Amino acid sequence: MSLVEIKNFTKEYRVGFLLKKTVAVNGLNLSIEDNEILGFLGPNGAGKTTTIKAILGIITPTSGNITIYGNTPQDIRAKSKIGFLPEQPYFYDYLTGIEFLNFYGKLFGIERGNLKKNINSLLEEVGLERAGNTQLRKYSKGMLQRIGIAQALINDPDFVILDEPMSGLDPIGRREIREIITGLKKKGKTIFFSTHILTDVEMICDRVAIINRGKLIETGDISSLTGTEDPKYDICVESPSSETLNAIKSISETISIRGNCVYFSAGEKERDEIIRNIVTKGGKIISITPVRKSLEQIFFSKIGNHS
Amino acid sequence: MKITIIASNTFREIIRDRILYNILIFAVIIICSTVLLGKLSIGEHLKIVEDMGLSAIELFGVLISIFVGISLVHKEIDKKTIYTIISKPVSRHEFILGKLTGLILIVFTNIAIMSIVLLLMSWIISGEIHMGLLMASFMIFLEMIIITSIAILFSSFSTPFLSTLFSLSIFIIGTATTDIRNLGLKASPAAKLLTDLLYYILPNLDNFDIKLQVVYSKPIEPSYIWWVTVYSILYSAVITTLTLLIFEKRDFK
């Protein structure tokens, strides 16, 4: 059984004075497996946060069914195993970091002695050990995001849901969050996070689910999505003879020349041909690099097809 | 247990908010300045101070209950901090009951502070401690429990502006329910039905007004205090049940 099963989830909102119907998510099917990092990818307004809220029981589905560990999202037993970081977290800014974590820890019924230990180690883990006695109103955006993550981990959850954990962070902050996420996976946790930053997904996710305009477009392994049927290679040759150059130019384009090195782009067939030419006619192969289609290209081609 | 955790956090939130102190300092100044008004009157100096003081306590009690109460729930939803609470093993009931308890504690603390100030004023003027004033303050506190639960009811589904408007209206009409009923006695049967309906639905806040009896040191039956206490608790319980039912179904966008 999957950790989370979402079957045919649809959420409609009625907005405005005339209660006009808008569909936020339409017939979404998704399962989240144990101990995976699943990236939930989509442009702003695609329905990512709506889906997350439904998993957490903050909203109820208009139709469809969601189970967590076989229970409904409203079930207290399910909730005690979940950690959640909301999007753009504004927390109780009148609390200090320690008071803040203490408050959430107590809501989980964590015993006082353990809680104190947990808080200290969490503050260290997210790099806020010096800010524990500072009120949250004095925190920077990056610090708030980190204390938010600490808050999500206070109950040592098995399943962590992060809504846009990297938004608004600098590259260093993003790397730290990535490290925390991969660290959680090593501890056997399951992580589900939404984002629109593709590189983050590419670097750490086992699987991605792409959503646009309330519909799930694609789910799959990163490698199966990025490894296409028609692989491309970049080949670098150092000081090729003019004979070699001419032979290669007839089958491939030159991308660039830097110093003594010439770079060619080639498909699978041309690659072997080029190598043969270099070996027989003179020149030194420096590197052959497979070029994978980036997630960004896939993302745009999928979204393009659906809009 | 979780209710007390949320209640104490709510208490802390308001204690660390500057708005409360502004209201409280203003209230204390008003209560103290009744001395000046008392000086203008002939003979009835102490009574004027006590009557005005109790009215000020009631007024500021209402302001704190409504403004702080409504902003409290609304802020949680607006800043989405509520997401972090209800995604934890905390039911929505516990959230609302915790907020309500925290708010009632705050109102209690404020009424207590204002009452002590008034008691001191009365003592300075008369040289006696007039314990009846505390009784009147307790009645105001009971009244505020109802106002607080109404403020939280409205803020569980409406905007802060409308919630404030509705809560203030109910407070104002609530203090005049007996008049409304008497009005119906002289009117047509249909109008009487309406005024009776209003009388039974709206909180009968004039029950809580024992200011004049206290100021003029008239006796108050202990049974009356008991009945009014029971009325306050029952009425708030009904309102809060309604709030819980609404809040349970609510989606947070």
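Bear in mind the structure is a predicted one, so any value in this text is a computation, not a measurement. The analysis underlying the following values was restricted to heavy atoms, covering all of them including side chains, and did not include hydrogens, waters or symmetry mates. By convention in this document, chain letters (A, B, ...) are assigned in the order of the sequence lines, proteins followed by strands, and residues within each chain are numbered from 1.
Looking at every heavy atom in both residues, A/Leu95 comes nearest to B/Arg12 through CD2-CD, 3.6 Å. The shortest heavy-atom contact between A/Lys79 and B/Ile86 is NZ-O, 2.7 Å.
With values rounded to the nearest 0.5 angstrom, A/Ile76 atom CD1 is found 5.5 Å from B/Lys2 atom NZ. B/Tyr83 OH to A/Ile52 CD1: the interatomic distance, rounded to the nearest 0.5 Å, is 11.5 Å. Distance CZ/A/Phe84 to OG1/B/Thr84: 8.0 Å, rounded to 0.5 Å.
No other option in B/Ser8, B/Pro89, B/Ser87 has as many heavy-atom pairs under 4.5 Å with chain A as B/Pro89. Taking B/Lys75, B/Glu94, B/Glu13 one by one and counting their heavy-atom pairs under 4.5 Å with chain A, the maximum is reached by B/Glu13. Interface remark: of the candidates A/Arg77, A/Lys81, A/Gln135, A/Glu99, A/Glu99 forms the most heavy-atom pairs closer than 4.5 Å to chain B. Ranked by heavy-atom pairs under 4.5 Å with chain A, the first of B/Lys80, B/Arg92, B/Lys249 is B/Arg92.
The side-chain heavy atoms of B/Ile6 and A/Leu107, taken from C-beta on, include a pair separated by under 4.5 Å. A 4.5 Å side-chain heavy-atom check between B/Asn9 and A/Lys106 finds every atom pair outside the cut-off. B/Ile14 is not listed as a side-chain neighbour of A/Tyr94, based on a closest heavy-atom distance of 4.5 Å or more.
Proximity to chain A (any heavy atom under 4.5 Å) is restricted, for B/Arg250, to the backbone atoms N, CA, C and O. For B/Ile15, no part sits under 4.5 Å from any heavy atom of chain A, backbone or side chain. Of the atoms belonging to B/Glu76, it is side-chain heavy atoms, and not backbone ones, that fall under 4.5 Å from chain A.
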Residues B/Lys88, A/Tyr104; criterion side chain to side chain donor-acceptor pair (under 3.5 Å); working and verdict: CA-CA 8 Å; B/Lys88 306 260 182 292; A/Tyr104 286 107; over 6 Å; no

